[in-house]
Amino acid sequence: MSKDLVVLITGAAGGIGRATINLFTEKGWRVIGVDRNEFGDGFPSTGLFIRSDISRPEDMQAIFDKAHAFTDSLDGLINNAAMQIAKPLIETTVEEWDTVMSSNLRSVFLAVKLAYPLLKKDGGAVVNISSVHAIQTSTNIAVYAASKGGLLALTRAMAIEFAPDNIRVNAILPGAVDTPMLRAGLDRGHVGQGNMQERLDNLARKTVSGKIGTPEEIAHAIYFLADNEQSSFMTGQSLVVDGGATARLSTE
């Protein structure tokens, strides 16, 4: 009898997190979801939801104490939780810098460190959710871009370090995906000052595909990298899922 596959997903209550939980559950995995916000109705009955703040080291330890009680191994760890501060670099405070870095980068270091014994048992996969801002960015989002760029370097370093333990580590770089974080970021004014739908339409026109991505599309990419059958020969890699946005020269 094959064992149940178990995945831990941070940022579980957000758009991409919810879509990822739904997909893994459909595929027969048991899910541990983590978020600082309540999930509400619909969390899988076979799983475990933990309301906690991954930016706090003491909370992270408590998360993995509960994870150890729920399962003796992890087949997947999806580091999806993130926050974004959209403002000019010179107006960004040290406290804001530290808040973003603790949420977006330090939390991944701690999660992988604490998950390591569970991942090592059967050779699990880590998927870090970075961003196209790690490779091509825009104005007034420097701290977020820096955190996501650091995550790519960390992904490569972890892939090398954990390869002897049969643990694969890869990253997803989503482009514009219709989530609450994206909509909040459109207040920066880089796609015009119309109503939200007009801003979304303007943004969609900037992509090669002419559309904004859905959380479900990112979830499928995450699942591909987490599934040891589909992506067994991939580690230390960064998969861009952006509708072709980064393929086009800004001067065109």
Side-chain angles (χ1 to χ4, degrees), residues 7-27 29 31-44 47 49-55 63 76-86 100 103-105 107-108 111-112 115 125-135 137 141 144-145 147-149 151-152 154-155 169-186 196 200 203-204 207 209 211-227 230-231 237-246:
V7 62
L8 189 150
I9 301 170
T10 67
I16 292 174
R18 286 178 181 270
T20 305
I21 285 171
N22 290 340
L23 181 58
F24 274 82
T25 302
E26 289 172 11
K27 298 290 187 180
W29 293 52
V31 176
I32 303 170
V34 179
D35 204 289
R36 69 179 66 186
N37 299 313
E38 289 289 0
F39 190 86
D41 296 333
F43 194 83
F49 179 75
I50 305 169
R51 186 178 182 185
S52 193
D53 186 349
I54 51 92
S55 72
I63 289 167
L77 171 63
I78 316 301
N79 290 304
N80 170 63
M83 69 169 300
Q84 184 182 97
I85 291 177
V100 172
S103 294
N104 297 4
L105 191 55
S107 66
V108 176
V112 174
V126 178
V127 183
N128 297 322
I129 312 306
S130 180
S131 167
V132 290
H133 282 282
I135 54 175
T137 192
I141 200 166
Y144 179 78
S147 71
K148 293 302 188 177
L151 187 52
L152 293 189
L154 182 60
T155 295
V169 188
N170 292 290
I172 296 280
L173 282 67
V177 180
D178 194 357
T179 64
M181 180 183 289
L182 175 83
R183 289 174 177 248
L186 295 183
M196 183 54 65
L200 290 169
L203 182 58
T207 69
S209 63
K211 68 173 188 175
I212 292 174
T214 67
E216 289 74 20
E217 288 172 315
I218 305 304
H220 279 280
I222 292 169
Y223 187 81
F224 167 73
L225 289 181
D227 184 359
Q230 296 187 78
S231 56
Q237 301 305 306
S238 304
L239 181 61
V240 177
V241 188
D242 70 346
T246 55

Inset, instruction - Apply side chain to side chain contact (heavy atoms under 4.5 Å, CB included) to Arg36 and Ser103, showing your working. - result: CA-CA 11 Å; Arg36 69 179 66 186; Ser103 294; 3.5 Å; yes
Legend entry - Interatomic spacing from CG in Asn79 to OG in Ser130 - rounded to 0.5 Å: 11.5 Å
Inset, instruction - Kindly indicate whether the side chain of Leu77, heavy atoms from C-beta on, has any atom under 4.5 Å from the side chain of Val112. - result: yes
Inset, instruction - Could you tell me which non-hydrogen atom of Thr25 sits nearest to which non-hydrogen atom of Pro44, and how far apart they are? - result: OG1-CG, 3.3 Å
Legend entry - Exercise: identify the closest heavy-atom pair between Lys148 and Ile129: NZ-O, 2.8 Å
Inset, instruction - Heavy atoms only: give me the nearest Phe43-Phe49 pair and the separation to one decimal. - result: CE2-N, 3.7 Å
Legend entry - Spacing of Ser131 atom OG and Leu152 atom CG [to the nearest 0.5 Å]: 9.0 Å
Legend entry - Smallest separation among heavy atoms of Ala226 and Val127, with atom names: N-CG2, 3.9 Å
Legend entry - Side-chain heavy atoms of Val241 within contact of Ile172, under 4.5 Å: yes
Legend entry - Residues Arg18 and Glu216 bridged, charged N to O under 4.0 Å: no
Legend entry - Euclidean distance, Asp227 CG relative to Trp29 CH2, rounded to 0.5 Å: 6.5 Å
Legend entry - Check: Thr214 main-chain N/O paired with Asp178 side-chain donor or acceptor under 3.5 Å: no
Inset, instruction - Of all the heavy-atom pairs spanning Thr246 and Val240, show the shortest one and how long it is. - result: OG1-CG1, 3.9 Å
Inset, instruction - Could you walk me through whether Leu239 and Leu225 pass the side chain to side chain contact (heavy atoms under 4.5 Å, CB included) test, one step at a time? - result: CA-CA 9 Å; Leu239 181 61; Leu225 289 181; 4.3 Å; yes
Legend entry - Test item: Ser147 side-chain N/O and Tyr144 main-chain N/O as donor-acceptor pair under 3.5 Å: yes
Inset, instruction - Kindly determine whether Leu23 and His220 satisfy side chain to side chain contact (heavy atoms under 4.5 Å, CB included), including the steps that lead there. - result: CA-CA 7 Å; Leu23 181 58; His220 279 280; 3.7 Å; yes
Legend entry - Euclidean distance, Leu105 CG relative to Leu154 CG, rounded to 0.5 Å: 6.0 Å
Legend entry - Where Ser238 and Leu173 come nearest, the two heavy atoms and their spacing: CB-CD1, 3.6 Å
Legend entry - Close side-chain approach of Ile54 to Val34, heavy-atom, < 4.5 Å: yes
Inset, instruction - Could you tell me whether the side chain of Met83 reaches within less than 4.5 Å of the side chain of Asn104, counting heavy atoms only? - result: yes
Legend entry - Flag for Asn80-Thr10: side-chain donor and acceptor within less than 3.5 Å: no
Inset, instruction - May I ask you to test the His133-Ile141 pair for a side-chain heavy-atom distance under 4.5 Å? - result: yes
Inset, instruction - Drop me the distance from Ile9's CD1 to Asp35's CG, to the nearest 0.5 angstrom. - result: 11.5 Å
Legend entry - Student check: side-chain heavy atoms of Val108 and Leu151 closer than 4.5 Å: yes
Inset, instruction - To the nearest 0.5 angstrom, please state how far the CD1 atom of Ile63 sits from the CG atom of Leu8. - result: 7.5 Å
Legend entry - Sub-4.5 Å side-chain heavy-atom contact between Ile32 and Val7: no
